[in-house]
Each structure stands twice: as C-alpha cells, then as structure tokens.
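Below: one structure, written as structure tokens.
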Amino acid sequence: MTQTGNMTSLIMIFGATGDLAVRKLFPSLYRLYNRGKLDKFAVIGVARRPISNEEFQNSVKDSVLTALGKNENIDEFISHFYYQAHDVADSGSYGALKELANQIDEKYELEGNRIFYLAMAPEFFGPIALHLKSDGLTDVKGYKRLVIEKPFGHDLESAKQLNKQIRTAFSEKEVYRIDHYLGKEMVRNIEVIRFANAIFEPLWNNRYISNIQITSSEILGVEERGRYYETSGALRDMVQNHMLQMVALLAMEPPIRLTTDEVRSEKVRVFRSLRSISGGEVDKYFVRGQYGSGTIEDEQVPEYRAEPMVDKESNTETFVAGKVMIDNFRWAGVPFYIRTGKRMKTKSTKIVVQFKDIPMNLYYQPEKMLNPNLLVIHIQPEEGITLHLNAKKMGGHLDAQEVKLSFANTGINAMNTPEGYEKLLYDCMRGDATNFTHWDEVAYSWAFVDNISDVWENTKAGDFPNYSSGTMGPRASDELLEKDGFFWWPVDYLDVDICK
Ligand code: NAD
C-alpha cells in the first residue's frame with residue numbers, strides 16, 4: 001500500500017469538458033501540483049467540442065478558481081495542459097491523439113508513462129479501451145493505467161462484457177475502477193480505527209456487536225440526471241458500489257499486510273460471504289422508496305415523477321433500505337442495515353456500530369434502559385468519530401447518563417485534508433490500487449444486487465411515491481429494523497457533539 005511509484009506521467013482525460021473533470025479532476029490535479037506531488041507531468045484533455053489549447057487552459061484555470069477560491073502558480077500549472085477534439089468512435093481521431101501524446105511525452109520526458117482517465121458516459125468505456133489498444137496508444141515503454149468511473153456495468157452480465165473489452169487492452173493490475181467513497185478520509189479511516197485500537201478489534205464480532213447501521217442520505221433530488229437515474233435507481237447508483245464497499249471495510253478480517261492484494265482479498269471474502277437473497281425473500285430483506293413532494297429547508301420541492309426526463313409513472317427507486325447478512329464465523333447473526341436515498345431530511349453519511357447490552361443493568365436511568373454503547377463514524381459532511389458511553393451523573397447518587405467522546409477532523413488538519421479525487425489520482429500515479437475496486441469485488445456485488453433488481457424491475461411498486469421529501473424514507477424502512485427489535489439511530493441525535 002505504501003509503495004512509492006513513479007509520479008511522472010502523461011494523463012489523458014477523456015471527457016475533459018464534462019462536469020466531473022471540471023468540478024473534481026482539475027482542482028485535484030492542481031492541489032497535487034501545488035503540494036509538489038507531481039514530478040514531470042502533462043495533461044491532454046479529450047472531448048468532442050472543437051476548442052483551442054488556450055480555451056481549454058482557461059477552463060482549467062476557471063475550474064480551479066471556482067473550486068478552491070485561489071489559484072497561485074496557475075499559469076505555470078495550466079501550461080502543462082493540451083486539448084484534442086476527438087470522436088471516440090473514429091480510429092483517425094486516435095491516430096492524431098497518439099501523435100500528440102508522443103510529442104508531449106518527448107517534450108516533458110514522461111518516460112512513456114500513461115494514465116487514461118475515462119470521465120465519460122459508461123457506454124464509451126469499452127469502445128475507448130479497445131481503440132486505445134488497436135490504435136497503438138497503449139504501446140508505451142513506461143506504465144499504462146486505465147482509470148474508469150462508475151457505473152461499471154448495469155448488472156453482472158453487462159459488467160462482464162465491459163470487463164472483457166477492457167481486459168483486451170489492460171491487465172487487471174492496470175485497471176483502476178473508481179469508487180470515490182474509497183477516497184474519503186473517514187472511509188479510509190475505518191481500517192485504522194479497527195486494526196490500530198486494542199479497545200475495538202477484540203469486540204468487533206457477533207459476541208459484542210448487535211448491529212451496524214450505515215446511512216448515506218442526500219437532500220438533493222435527481223436534478224438534471226433524470227435520464228441516467230431512470231436506468232439506474234438508488235440500488236445500482238449507491239448500493240452496488242459505495243454502500244457495499246463500506247460494509248466490506250467494516251466486516252473484513254485483518255489483512256496479513258497492508259498490500260493491495262491482501263486488502264482486496266479480505267474484502268472479496270466478505271463479498272463471498274454475503275447472504276444471497278432469493279427472489280421470494282427480497283421483501284424480507286430490502287425496502288424500496290420513491291420521493292413524493294415535500295418541504296426541505298423551507299422550500300417546496302416536487303415529487304420524483306415530476307422531475308425532468310423522468311417517466312410520469314416511474315418505477316425507479318430513489319431510496320433503498322436493506323438488511324445485509326454476512327454468513328461467516330465473525331458475523332453470523334449480526335445485521336448490517338444500510339439505507340440511502342435522495343430528498344431526505346439531511347445530507348449525511350454515517351456508520352453506527354451498536355454494541356450489545358451489558359448482561360445486567362445495575363444503574364438507574366430515569367424512565368429508560370441504559371443506552372447501548374455506540375461507535376459512530378461520521379463520513380460526511382462532518383468527519384470524525386463519536387463514542388457513546390455511560391458514566392455517572394454528576395452529583396447524583398449512582399445514576400448513569402450517556403456521555404459522548406468525540407473527535408472531529410476539523411481545524412488545521414481538515415484544511416489540509418486532500419479531497420477524495422486528489423487521493424485517488426495520487427494513488428493511481430503511485431501505482432497503488434488498494435482503494436480501487438478489483439473485478440472480483442465488482443462481480444460479487446453485482447451478483448448480490450441483481451437478485452434484488454430483477455424482482456423490483458419486474459414488479460411495479462404500487463405505493464410509489466411512498467415517502468415525502470424532507471423525511472428519512474418510507475415507514476417500511478423503520479419496520480425493517482423494528483422486526484428485529486432495533487431502530488435507526490436518529491441522525492440529529494448522532495450529530496450532537498461533532499463540529500461542523
Ligand atoms: P458529462 O456529460 O458532464 O461529460 C461528458 C464528457 O464526455 C464531455 O466532455 C463530452 O464532451 C464528452 N463526450 C461525450 N460524447 C463524446 C463523444 N462521442 N466523443 C468524445 N467526447 C464525448 O459527464 P460527467 O458528469 O463528467 O460524468 C462522466 C463520468 O463520470 C460518467 O461515467 C459518470 O457516471 C461519472 N461520474 C461523474 C460524477 C460527477 O460528479 N459528475 C461523479 C461520479 C461519477
């Protein structure tokens with residue numbers, strides 16, 4: 001995991017005029033540059049629109065200023081950027097690109113190292129990979145790496161097809177499948193919290209943990225992404241990748257070393273242990289929802305079916321709650337509850353590890369049981385950890401009350417916290433694929449999700465829309481936990497002590 005690679009590279013960004021490149025990739029590269037993390041580098045932006053190098057460089061400059069509010073050394077930075085108008089289906093376009101790439105490689109002494117970043121619509125991923133090989137762009141004496149955005153396929157079958165196309169041009173070790181949650185500081189922290197603390201790891205199993213809850217809620221609706229979202233839905237957009245990745249990091253065994261292969265193979269073992277859900281059992285384990293109209297932050301917002309590019313009778317889910325069981329020795333019997341949705345009450349991603357109750361409660365708490373211990377990992381927007389304990393109430397006799405110990409990743413530390421994409425780009429340049437998803441992880445997670453989406457696609461959800469905008473999802477999501485004697489810990493209750 002800590003190998004230091006060669007930071008000299010030619011980065012080709014396909015889709016360089018798109019939203020992802022402008023909002024995330026250019027500012028991240030700039031931050032790496034300003035921190036002195038890039039050795040020799042150049043960027044070729046590739047997209048459909050015919051614009052000049054100068055126009056492209058100015059768009060990079062604007063994107064940095066908009067994202068970061070500053071841009072010292074920007075002229076030197078953007079002088080490394082070139083632009084090539086390109087038609088992804090035309091071999092002639094790739095020939096011209098190859099020529100430009102070779103010239104730039106020589107000019108900046110980039111040693112034939114190439115990163116191809118596909119920031120484009122997923123239907124182009126396979127064809128581009130094939131052209132890169134057939135038109136000679138991957139014939140280099142240095143390293144070649146393919147960075148590929150989500151979604152990686154639409155289901156297991158299409159993911160296999162895509163993988164086959166990619167693998168004709170790149171080996172598995174050369175493919176960097178982005179899951180941007182794996183670039184988030186507190187997601188990366190899960191391993192450290194677990195494996196570097198004597199007070200957690202011995203308790204991290206079904207003897208001491210009663211359930212784990214992962215919530216990733218958004219306030220935003222589908223916005224202009226209706227066309228994509230209609231074919232995706234929350235299950236494919238969030239569960240197949242981000243939510244299951246967090247489950248894997250929470251559930252995996254300690255790797256014997258922190259190398260890419262060891263960490264990934266432990267995660268794959270978790271995916272292999274996921275209890276598969278048969279068609280008839282989907283309702284027992286999973287709940288789907290779609291937002292209706294409602295009020296968020298004093299503003300009236302429309303229902304999903306009234307959003308642009310959305311079918312007026314859409315069956316697409318904008319909310320998913322599920323109970324994921326991991327059938328292995330460590331986790332047998334411990335539910336991992338996940339929920340994610342749009343137009344919810346708050347924007348928040350949190351993990352709550354709920355410990356089992358102590359065997360006998362000797363202490364009195366007025367009108368309620370002793371609170372269970374909770375470990376809360378705040379992923380976003382706040383970053384931190386809170387540990388909920390019980391302690392003696394000040395001045396009381398032996399009454400217990402809950403106390404919360406919090407660490408908030410704010411202040412000087414957070415100012416310097418690199419953005420997710422910055423870390424992932426840096427990892428890719430170093431050749432560290434630990435925080436990218438291996439094909440096996442993708443395949444197992446699609447197999448798990450396909451069982452659910454097959455049922456949902458073929459049965460109309462009669463109760464859609466079934467939650468109002470500005471709430472935490474449909475009632476059935478609460479019932480999913482109530483059946484097991486649990487409840488979702490309210491997000492506001494968990495927020496209390498962590499600085500924003
Ligand atoms: P976008 O629509 O804003 O940009 C698409 C880019 O592709 C543009 O530069 C366009 O010129 C180029 N393009 C389209 N057709 C082309 C063609 N035939 N030939 C050459 N160039 C062509 O898309 P985006 O939002 O930047 O998303 C890109 C990818 O990243 C998608 O796979 C998306 O799912 C993924 N992604 C985006 C975000 C985000 O925040 N935008 C987040 C996560 C994942």
Side-chain angles (χ1 to χ4, degrees), residues 11-29 43-51 55-56 59-60 62-63 66-67 81-97 100 116-132 135 137 146-154 158-159 162 166 175-184 187 216 218 220 222-234 236-238 240-243 245 308-309 340 342 347 349 380 419-425 428 435-437 442:
I11 305 165
M12 290 191 208
I13 300 179
F14 288 76
T17 56
D19 178 66
L20 182 73
V22 170
R23 276 194 316 114
K24 301 287 184 189
L25 304 184
F26 302 149
S28 297
L29 281 169
V43 176
I44 303 182
V46 178
R48 215 166 12 181
R49 220 183 297 162
I51 54 170
E55 284 171 297
F56 179 55
S59 78
V60 175
D62 289 347
S63 101
T66 308
F81 283 68
Y82 296 79
Y83 184 81
Q84 175 86 17
H86 184 83
D87 175 354
V88 287
D90 169 35
S91 273
S93 264
Y94 290 88
L97 188 57
L100 177 64
F116 303 94
Y117 196 121
L118 307 191
M120 289 188 60
E123 65 261 32
F124 297 123
F125 295 164
I128 294 175
L130 292 175
H131 271 290
L132 291 177
D135 295 317
L137 276 119
L146 181 74
V147 185
I148 191 159
E149 270 295 335
K150 79 165 195 189
F152 197 90
H154 180 73
S158 57
L162 172 58
I166 286 170
V175 181
Y176 289 68
R177 296 180 195 81
I178 294 253
D179 184 319
H180 69 271
Y181 270 56
L182 299 180
K184 292 187 188 298
V187 173
S216 186
E218 279 182 68
L220 290 178
V222 72
E223 303 193 293
E224 300 87 39
R225 293 173 72 224
R227 190 203 303 265
Y228 158 73
Y229 205 77
E230 276 287 273
T231 62
S232 161
R236 291 191 171 97
D237 193 44
M238 291 293 296
Q240 179 269 333
N241 36 55
H242 314 313
M243 303 302 281
Q245 282 291 328
M309 318 291 280
T340 179
K342 291 191 177 294
K347 176 180 169 56
T349 302
Q380 67 182 18
E419 244 252 64
Y421 273 96
E422 181 184 340
K423 279 183 276 183
L424 293 170
L425 276 165
C428 175
N435 289 303
F436 296 81
T437 39
V442 175

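Along the sequence shown, the residues carry numbers beginning at 1. Computed from heavy atoms alone, side chains included, the values below leave out hydrogens, waters and symmetry copies. Start at 1 and go down the list; that is how both ligands and their atoms are numbered. Keep in mind that this is a model prediction, so the values were computed, not measured.
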Can you list the atoms of ligand 1 that are under 4.0 Å from a heavy atom of [X]?
| X | value |
| --- | --- |
| His86 | 19 (N), 20 (C) |
| Arg23 | 39 (C), 40 (O), 41 (N) |
| Ala119 | 28 (C), 29 (C) |
| Thr17 | 8 (C), 9 (O), 10 (C), 11 (O) |
| Pro122 | 32 (O) |

Considering only heavy atoms, does Ala16 approach ligand 1 within less than 4.0 Å through its side chain, its backbone, both, or neither?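 Backbone only.
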Using heavy atoms and a threshold below 4.0 Å, how should the contact between Tyr228 and ligand 1 be classified: side chain, backbone, both, or neither?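 Neither part.
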Of the listed options (Arg49, Arg48, Gln84), which comes nearest to atom 21 (N) of ligand 1 when hydrogens are ignored and any heavy atom counts?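 Nearest heavy atom to atom 21 (N) of ligand 1 lies in Arg48.
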**Request:** Out of Lys24, Arg225, Glu224, Met120, indicate the one that has the non-hydrogen atom closest to atom 12 (C) of ligand 1.
**Result:**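 Of the listed residues, Met120 has the closest heavy atom.
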Specify the protein heavy atom at minimum distance from [atom]: its residue, its atom name, and the distance to 0.1 Å.
| atom | value |
| --- | --- |
| atom 6 (C) of ligand 1 | Gly15 CA, 3.5 Å |
| atom 18 (N) of ligand 1 | Val88 CG2, 3.5 Å |
| atom 34 (O) of ligand 1 | Lys150 O, 2.9 Å |
| atom 25 (O) of ligand 1 | Asp19 CB, 3.5 Å |
| atom 37 (C) of ligand 1 | Leu20 CD1, 3.9 Å |
| atom 36 (N) of ligand 1 | Glu149 OE1, 3.7 Å |
| atom 4 (O) of ligand 1 | Gly18 CA, 3.2 Å |

Hey, does the side chain of Ser63 reach the backbone of Val60 with a donor-acceptor pair shorter than 3.5 angstrom?
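It does hold such a pair.
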Give, for atom [atom1] of [X] and atom [atom2] of [Y], the distance between the pair rounded to the nearest 0.5 Å.
| X | Y | atom1 | atom2 | result |
| --- | --- | --- | --- | --- |
| Tyr94 | Leu130 | OH | CG | 9.0 Å |
| His86 | Asp90 | NE2 | CG | 7.5 Å |
| Gln84 | Ile44 | CD | CD1 | 7.0 Å |
| Tyr176 | Glu149 | OH | CD | 15.5 Å |
| Ile11 | Leu425 | CD1 | CG | 6.5 Å |

Problem set entry | Electrostatic pair Asp19:Lys24 at N-O distance under 4.0 angstrom |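 Salt bridge between Asp19 and Lys24, a charged N being under 4.0 Å from a carboxylate O: no.
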- Task: For side chain to side chain contact (heavy atoms under 4.5 Å, CB included), just list the numbers for Ile178 and Lys150, CA-CA rounded to whole Å, side-chain angles, deciding distance to a tenth of an Å, and then say yes or no.
- Result: CA-CA 6 Å; Ile178 294 253; Lys150 79 165 195 189; over 6 Å; no
Heavy atom of protein inside 4.0 Å of atom 2 (O) of ligand 1, strictly below: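 No, there is no protein heavy atom closer to it than 4.0 Å.
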Worked check of salt bridge (Lys or Arg N to Asp or Glu O under 4.0 Å) between Glu218 and Lys342
CA-CA 5 Å; Glu218 279 182 68; Lys342 291 191 177 294; 3.2 Å; yes
* Asked: Would one find an N or O of Asp87, backbone or side chain, under 3.5 Å from an N or O of ligand 1?
  ->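 So ligand 1 has no N or O lying under 3.5 Å from an N or O of Asp87.
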message: Can you confirm whether or not the ring centre of Phe26 sits under 6.0 Å from the ring centre of Tyr421?
response: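 Here the rings of Tyr421 and Phe26 have centres that are no less than 6.0 Å from each other.
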With the threshold set at under 4.0 angstrom, would you say Phe125 reaches ligand 1 through any of its heavy atoms?
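For ligand 1, residue contact (heavy atoms, under 4.0 Å) with Phe125 is present.
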May I ask you to establish whether Arg177 and Phe436 are in a cation-pi arrangement, using a distance under 6.0 Å from NZ or CZ to the six-membered ring centre and at most 45° from the ring axis?
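That pair does not qualify as a cation-pi contact.
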Ile13 pairs by side chain to side chain contact (heavy atoms under 4.5 Å, CB included) with which of Leu118, Leu29, Val46?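 Filter result, single survivor: Leu29.
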